[in-house]
Amino acid sequence: METRYNPRQIETEVQSLWQQTNALKVTEDPDKEKFYCLCMFPYPSGKLHMGHVRNYTIGDVISRYQRMHGKNVLQPMGWDAFGLPAENAAMSNNVPPSRWTLDNIAYMKKQLLALGFAIDWDRELATCLPDYYKWNQWLFLRMLEKGLAYQTTGTVNWDPIDQTVLANEQVIDGRGWRTGAVVEKREIPMYYLRITAYADELLDCLDKLPGWPERVRTMQANWIGRSTGVEIGFPVVGRDTILKVFTTRADTLMGATYVAVAAEHPLAKQAAERQPALAAFIEECRQGAVMEADLATQEKKGMDTGLFVHHPLTGEKLPVWVANYVLMAYGEGAVMAVPAHDQRDFEFALRYKLPIKTVIRPVTGELLEPLTEAWTEYGITIHSGEFNGLDFAGAVEAIATALAQKQLGKKRTQYRLRDWGISRQRYWGCPIPLIHCEHCGVVPVPDTQLPVKLPEDLVPDGSGNPLAKNPAFYQCTCPKCGKPARRETDTMDTFVDSSWYYLRFCNKDQDAGMVDARSKYWMPVDQYIGGIEHAILHLLYSRFWTKVMRDIGLINIDEPFSNLLTQGMVLNEIFFRKADTGRIQYFNPAEVEIKRDEAGQRIGAVLKADGTAIESGGIGTMSKSKNNGVDPQSLIDSYGADTARLFMMFTSPPEQTLEWSDSGVEGAYRFLKRLWKFATDTIDMGKAPALDKTTLTEEQRAARRKIHETIAKVDDDLGRRFTFNTAIAAVMELINTLTRLDGTSTNNHAILHEGLEITLLLLCPIVPHITQNLWQAIGHEGLIMDAHWPTSDEEALKRNEIELIIQVNGKLRGKINVAVDADEATIKSLAMANDNVVRYLENNTVKKVIVVPGRLVNIVI
RNA sequence: GCCGGGAUGGCGGAACUGGUAGACGCGCCAGACUCAAAAUCUGGUUCAGGCAACUGAGUGGGGGUUCGAUUCCCUUUCCCGGCACCA
């Protein structure tokens with residue numbers, strides 16, 4: 001038997017064995033229980049990063065575990081291949097995005113193969129290929145027919161110098177990333193998908209997803225943000241219009257002292273026509289990006305429009321202000337302001353000296369006036385005339401009724417969720433299949449002309465969409481009237497591509513339809529695994545898209561993902577340098593050297609190449625844009641795939657964030673070497689004898705108990721808890737126990753052999769190469785992945801004695817061994833007789849004794 | 001700003017249902033092997049006091065519930081993810 005562990009040779013051999021035996025090919029088998037295990041597919045950014053390795057190792061462990069439990073397991077892989085980075089790479093390298101993307105795919109596929117994932121590569125797909133994105137276009141047209149897709153205007157970031165739309169990521173501190181120009185908001189026509197039509201179902205179905213983490217369901221529920229409240233009309237003074245607002249706090253209506261509208265609100269625009277100062281303020285509000293985080297943290301500013309509205313119940317005149325904290329996208333783009341009971345209104349009122357009127361008091365006690373901050377809790381109405389003395393629900397009901405009588409209000413449900421804008425003024429995406437005809441208007445491309453193919457040889461230059469400058473693409477004829485027309489040059493959001501790829505894996509070779517009967521066999525996905533950063537958008541869009549496909553009759557499921565595992569991010573330090581132009585250049589941690597003082601305290605960081613100082617931007621998710629990824633290739637090259645896999649699984653549990661550090665890899669490698677030595681030592685002892693259960697020593701019984709406890713522990717950790725780190729720790733403990741047995745007796749030899757065989761089976765999902773190799777070495781034919789998962793022997797698990805903890809007043813004071821079936825009285829008297837315990841009981845009376853069976857005795861004095 | 005999550009030895013983490021805090025690993029210390037080093041093996045390793053038995057403190061900070069709290073409740077600080085055009 002080879003004495004040295006040689007991962008490179010073993011891994012190559014085992015991988016070619018899988019290939020020769022076609023072990024990873026999966027077909028639909030109605031007689032077998034299916035298990036669809038899916039990891040979020042990667043964006044082909046260039047090479048794998050640690051997040052990918054973590055994600056796909058988790059998926060592979062689960063897939064192989066389920067396969068060993070007899071399931072027909074599908075684990076596919078594909079490429080989320082459209083997107084912005086390809087355009088950026090194209091600009092800097094002068095290579096078309098398609099070339100760059102396909103090269104990256106080829107390289108990353110090699111890396112995935114080297115890691116030994118049990119993927120059925122026959123099902124590989126890439127979203128940038130026409131046979132995939134054709135069906136984006138096809139379904140978009142179906143949604144258009146059903147009124148689920150529509151056109152309206154949307155607000156985008158506009159770079160006034162490059163004359164181009166910017167992604168949020170391309171806006172840095174309110175300025176364009178390439179030009180440094182202050183970004184403006186601009187309204188442009190866009191296509192939307194009516195996800196709000198499914199808001200109730202998307203919310204209600206969250207309760208039917210017990211296999212999803214609670215936190216993800218909570219985040220989605222809050223994102224959808226269903227609230228019930230009252231829509232209130234404020235008649236505009238001197239005009240025949242009503243200003244509508246929505247509020248969840250109608251109980252505070254009598255405390256409204258002004259009304260605030262968003263800068264984009266029609267009333268603000270009208271008022272600005274005769275007031276240059278107001279027009280200038282509205283223009284100022286147009287400066288800056290559209291991101292909500294920016295809007296919500298900016299300084300609260302406003303200006304009086306000079307207009308007034310009547311309070312709908314009292315008729316009192318209230319001023320109308322334009323305020324930058326009111327979002328046009330939520331509700332009506334206008335709010336009634338109640339400074340006493342809303343913190344933002346309170347701050348705004350203080351700043352602009354607007355009145356503050358308290359109309360709610362706590363159920364018990366009084367508010368101390370003047371207020372130093374808004375009191376936002378529910379309470380009892382005061383200073384509210386006929387509505388005084390009501391609780392929250394009573395006040396809302398009474399006020400809503402009063403408003404309804406005047407036809408100035410009604411109860412209504414409001415969602416925070418907005419429709420999904422899918423238009424992108426970008427080249428590297430799926431073309432929206434529409435044609436603009438002077439005579440016929442917007443005309444859908446007929447199904448027979450799909451796909452609308454994206455030209456693959458363009459190189460963007462940063463100033464607008466290259467498709468819009470490419471006559472070969474946009475010149476076309478109208479399908480209705482046959483006259484010359486212009487093709488839509490916007491492409492689709494890449495979230496469209498990723499909203500249904502899991503369906504296409506089931507039947508990717510089907511060219512007559514988007515899906516076929518095979519998706520009925522595989523769907524829904526039994527286990528979906530991906531980064532927590534996708535908890536809202538991608539997962540919500542996929543759920544929506546699934547429901548649309550169901551309603552079109554393509555599939556018969558309500559939800560795409562039965563169980564969800566959200567892995568934490570892999571984080572690493574970010575290093576950067578800011579150029580004089582304000583442009584930020586990021587450096588990979590591998591290029592950086594940390595400087596320390598004599599005590600080992602960190603004092604700074606320099607670039608290895610030239611020794612110049614470099615700034616740290618803290619730690620953040622490993623990303624292409626921050627250039628802080630660690631290349632897993634070096635890990636694979638020096639230690640092999642099994643070490644890389646073991647290390648990733650052992651370092652931290654999957655749902656937690658993982659801060660990268662190079663230490664620990666050696667430990668994983670050392671463990672595999674110990675496993676190798678344990679196996680070769682056991683094999684060298686020769687053929688294993690049969691175990692004689694009648695003559696076992698206490699030590700041998702303990703060793704066998706450890707073996708069979710470990711089976712149960714690892715089964716639970718891999719299959720239910722997904723705590724791969726504790727599963728590995730349990731196997732390490734087992735090997736520690738077994739290697740302390742010396743093999744000279746027949747029974748010890750038998751136990752070592754049994755322990756080795758079970759160790760290999762338990763570790764097989766995590767380190768499939770070394771376990772396959774050793775499986776054959778101990779005399780088995782064929783694939784360990786097709787061997788059945790071991791079951792623990794009840795007989796071996798039995799114990800005669802257990803250890804109990806003795807506490808005095810909750811503090812540990814001793815330990816006793818008792819028979820498993822000892823009664824409470826026996827346990828109590830043994831506990832009280834314990835030497836150390838007796839010292840504490842002297843001169844004290846025992847108040848009570850708590851016995852927790854199987855665990856402890858607590859004596860209270 | 002809003003929504004969600006997190007914080008445990010020198011480090012990564014364990015403690016699953018309120019019941020022994022620190023499993024397992026890294027690092028470090030000591031020893032064995034070696035001419036020496038690497039590798040490997042053995043032992044030790046939360047902090048403070050003590051020769052030891054043992055005692056005290058201890059799970060970001062403050063408070064509470066409980067016989068008993070890393071775990072539940074309130075509050076606070078810091079860190080991470082998301083915020084609709086990064087994917």
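Model, not experiment: these values are computed from the prediction. Order of the sequence lines sets the chain letters (A, B, ...), proteins ahead of strands, with each chain counted from 1. What you see below is based on every heavy atom in this structure, not just the backbone, and it leaves out hydrogens, waters and symmetry mates.
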Exercise. Confirm from the modelled atom types if N222(A) and C3(B) form a donor-acceptor pair under 3.5 Å, side chain to base only.
Key: no
B/S/- along nucleotides 38-46 of chain B (protein heavy atoms under 4.0 Å) is -SSS-----
The side chain to side chain donor-acceptor pair (under 3.5 Å) partners of N834(A) (sequence neighbours excluded) come to none
(request) Give one of base, sugar-phosphate or nothing for V165(A), where a contact means two heavy atoms less than 4.0 Å apart. (result) base
Residue set satisfying side chain to side chain contact (heavy atoms under 4.5 Å, CB included) with Y840(A), at least two apart, ordered chain then number -> V808(A), R813(A), N836(A)
Residues at least two apart in sequence or cross-chain that pass side chain to side chain contact (heavy atoms under 4.5 Å, CB included) with D294(A), listed by chain then number, are A289(A), M291(A)
5' to 3', nucleotides 7-16 of chain B under a 4.0 Å protein heavy-atom cut-off (B base, S sugar-phosphate only, - none) gives -----BSSSB
Hits for side chain to side chain donor-acceptor pair (under 3.5 Å) against S463(A), two or more places apart or cross-chain, chain-then-number order -> D461(A), K469(A)
Hits for side chain to side chain donor-acceptor pair (under 3.5 Å) against K673(A), two or more places apart or cross-chain, chain-then-number order -> none
Expected list for residues 415-431 of chain A near RNA chain B, using heavy atoms below 4.0 Å, is R416(A), L417(A), R418(A), G421(A), S423(A), R424(A), Q425(A), R426(A)
Side chain to side chain contact (heavy atoms under 4.5 Å, CB included) filter on D80(A), not counting sequence neighbours, yields F41(A), T127(A), D497(A), S498(A)
For nucleotides 47-55 of chain B, print each protein N/O atom paired with a nucleotide N/O atom at under 3.5 Å, atom names and distance only.
| from | atom 1 | to | atom 2 | distance (Å) |
| --- | --- | --- | --- | --- |
| U55(B) | OP1 | R813(A) | NH1 | 3.2 |
| U55(B) | OP1 | Y840(A) | OH | 2.6 |

By side chain to side chain donor-acceptor pair (under 3.5 Å), T566(A) pairs with (sequence neighbours left out) E655(A)
Exercise. Measure from NZ or CZ of R4(A) to the centre of the six-membered ring of W676(A) and say whether it is under 6.0 Å with the direction within 45° of the ring axis.
Key: no
So side chain to side chain donor-acceptor pair (under 3.5 Å) across residues 847-861 of chain A, not counting sequence neighbours, yields none
Subject >> C73(B) versus U65(B) - spacing of their C1' atoms, nearest Å >> reply: 7 Å
